[in-house]
Amino acid sequence: MNISLLGSTGSIGRQTADVARMQGYNIVAVAADKNYMEVENQIREFHPAFAAMRDERAARELRARVADTPTAVYGGESAVCEAAAHTDADVTVNAVVGIAGLAPTMAAVNNGKKIALANKETLVAGGEMVMSTAAEKGVQIIPVDSEHSAIFQCLAGNRRTDLKKIILTASGGPFFGKTAAELEGVTPEMALHHPNWNMGPKVTVDSSTLMNKGLEVIEAMWLFGVSADRIQVVIHRQSIVHSMVEFSDNSVIAQLGMPDMRLPIQYALSYPARLPSPVKEMSLTDYQMLTFFPPDTKTFRCLQICIEAARAGGLKPCAANSANEEAVGLFLSGAIKYTDIPDLVEMAVNRQPAGERVTSESIGCADREARRCVIEAVKG
């Protein structure tokens with residue numbers, strides 16, 4: 001199998017490389033943002049024909065460092081899209097963080113590439129456009145997020161018309177059970193300490209605010225063709241049950257496994273086959289109990305904000321995502337408080353007009369406007 005790996009230096013990208021290493025898959029193209037040193041290591045190990053760095057300066061540095069290899073190095077967003085649609089790739093793994101992953105997804109879809117999707121923002125911002133184009137092109141999109149992979153697996157062999165409800169699990173992050181007052185003093189270091197998962201900084205913060213789960217609700221809507229009202233979020237602290245589906249007869253099917261992203265990554269790549277895994281075997285007797293709680297949407301408001309944006313539709317989900325990306329960056333840099341994040345997201349969603357058509361151009365406008373809204377609010 002030949003893989004184009006986008007976001008190759010991030011958490012999902014590195015774990016995809018682990019899977020490729022174990023299974024003997026070829027990585028024919030890689031793309032990243034700025035970490036040219038890690039990309040150099042990947043080039044020397046996997047010998048891809050093509051490498052793209054979104055940052056032009058990083059591309060120049062990488063080009064000089066791997067001049068002794070046959071790998072062609074290019075810079076800019078167009079180069080990332082070219083990597084996504086690489087001629088030799090059988091599957092494109094999109095592990096880019098944020099809305100920057102939308103254009104490469106569309107490039108891959110338009111070129112008929114099977115997609116292993118770890119970039120939820122692709123569907124949050126442009127779900128209607130992406131899914132309709134994928135259907136037109138006959139492109140298969142297989143989810144990599146552990147929750148959506150679980151849902152995908154639970155639905156296998158069942159009629160979609162029998163699906164009653166999706167039950168999306170959330171770890172609850174490091175602040176489960178905290179009050180709004182207790183969140184006032186949260187620092188970036190505290191927010192980046194996830195109890196179960198190894199993720200990048202942005203996704204880890206999103207997990208702590210439950211924004212990540214809100215984005216996943218929207219992603220699930222597009223992947224599985226259901227409304228937000230047919231998706232239930234439950235807090236499951238052990239991260240062993242990755243998600244569940246309930247059918248019309250009230251039967252519930254769950255997918256369980258260790259909290260290791262290499263499992264859903266490998267399944268997306270090998271589907272429909274199941275291969276020996278680098279993930280350790282799970283023993284249910286190691287767990288005294290598996291617990292489930294309703295989310296506290298009054299304290300962790302980002303989840304409810306996303307659900308309301310999903311119900312409204314149009315470009316409101318895009319505004320929620322973009323405002324959050326900007327706010328999380330400001331929080332990590334120390335420019336705002338942790339508790340400012342939901343306020344800024346909600347403000348941007350409320351300012352986004354309802355009912356606008358979702359196109360590449362309108363998504364770009366909504367993205368820029370939401371970010372401007374956040375920055376201006378912080379500057380005062």
Side-chain angles (χ1 to χ4, degrees), residues 77 96-103 105-106 119-131 180 183-184 186 191 202-203 205-222 227-229 231 233 295-380:
E77 291 185 13
V96 173
V97 175
I99 200 170
L102 176 58
T105 296
M106 290 303 297
N119 173 257
K120 61 180 64 67
E121 293 86 356
T122 282
L123 296 182
V124 171
E128 180 181 357
M129 177 179 68
V130 172
M131 296 306 288
L183 296 179
E184 285 288 338
V186 166
K202 193 266 182 184
V203 179
V205 173
D206 284 353
S207 177
S208 75
T209 63
L210 292 193
M211 181 72 186
N212 197 49
K213 207 52 50 179
L215 298 177
E216 287 177 1
V217 167
I218 301 169
E219 182 182 11
M221 289 171 55
W222 291 110
S227 68
D229 294 327
I231 302 173
V233 174
D296 178 359
T297 54
K298 291 184 178 179
T299 300
F300 299 92
R301 294 166 40 228
C302 285
L303 172 58
Q304 192 62 36
I305 293 167
C306 284
I307 290 172
E308 295 301 331
R311 287 172 176 154
L315 293 164
K316 284 186 178 286
C318 175
N321 174 73
S322 299
N324 179 69
E325 285 186 24
E326 202 66 40
V328 170
L330 290 166
F331 166 66
L332 290 173
S333 70
I336 64 171
K337 296 190 304 180
Y338 181 80
T339 49
D340 290 334
I341 295 173
D343 292 337
L344 293 167
V345 173
E346 186 173 45
M347 178 183 63
V349 170
N350 289 340
R351 291 191 183 181
Q352 173 60 48
E356 290 194 21
R357 187 163 171 261
V358 178
T359 65
S360 295
E361 293 74 21
S362 67
I363 289 169
C365 290
D367 172 58
R368 290 189 294 272
E369 178 59 25
R371 294 175 189 275
R372 185 190 66 79
C373 177
V374 169
I375 291 169
E376 288 188 355
V378 172
K379 286 182 178 178

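- To the nearest 0.5 Å, the span separating CG on Leu123 from CD1 on Ile218 amounts to 10.0 Å.
- Side-chain contact check for Lys120 and Asn212: at least one donor-acceptor pair (N or O, by modelled atom type) lies under 3.5 Å.
- Here the straight-line distance linking atom CD1 of Ile231 with atom CE of Met221 works out to 6.5 Å at 0.5 Å rounding.
- Without hydrogens or angle criteria, Thr209 side chain to Asp206 main chain gives a donor-acceptor distance under 3.5 Å.
- The residues Glu325 and Arg371 are annotated as salt-bridged, a charged nitrogen and a carboxylate oxygen being separated by less than 4.0 angstrom.
- Using a 4.5 Å heavy-atom threshold, the side chains of Val205 and Ile341 count as touching.
- Here the CG atom belonging to Asp343 is positioned 9.0 Å from the SG atom belonging to Cys302, to the nearest 0.5 angstrom.
- For the atom pair Leu303 CG and Lys213 NZ, the distance stands at 9.5 Å (nearest 0.5 Å).
- Nearest heavy-atom pair across Ile99 and Ser322 is CD1-OG, 3.9 Å.
- Remark: the backbone N or O of Gly98 is paired with a side-chain donor or acceptor of Asn119 at under 3.5 angstrom.
- Here the CD1 atom belonging to Ile363 is positioned 12.5 Å from the CD atom belonging to Glu121, to the nearest 0.5 angstrom.
- The closest side-chain heavy-atom distance from Leu210 to Pro295 is below 4.5 Å.
- Salt bridge annotation for Arg311-Glu308: present, with a cationic side-chain nitrogen under 4.0 angstrom from a carboxylate oxygen.
- Counting heavy atoms from C-beta outward, Met129 and Leu102 have side chains that approach closer than 4.5 Å.
- In plain terms, the two heavy atoms of Gly126 and Val358 that are nearest each other are CA-CG1, 4.2 Å.
- The ring-ring contact (aromatic ring centres under 6.0 Å, His included) check on Phe331 picks up Tyr338, with sequence neighbours excluded.
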*Is there a side chain to side chain contact (heavy atoms under 4.5 Å, CB included) between Leu315 and Ser362 once you walk through the steps?*
CA-CA 8 Å; Leu315 293 164; Ser362 67; 3.8 Å; yes
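- For the atom pair CD of Glu216 and OG of Ser207, the computed distance is 8.5 Å after rounding to the nearest 0.5 Å.
- Nearest heavy-atom pair across Ala377 and Leu344 is CB-CD2, 3.8 Å.
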Side-chain donor-acceptor pairs under 3.5 Å in residues 345-357, sequence neighbours left out?
{"residue": "Glu346", "atom": "OE1", "partner": "Arg301", "partner atom": "NH2", "Å": "2.7"}
{"residue": "Asn350", "atom": "ND2", "partner": "Glu346", "partner atom": "O", "Å": "3.3"}

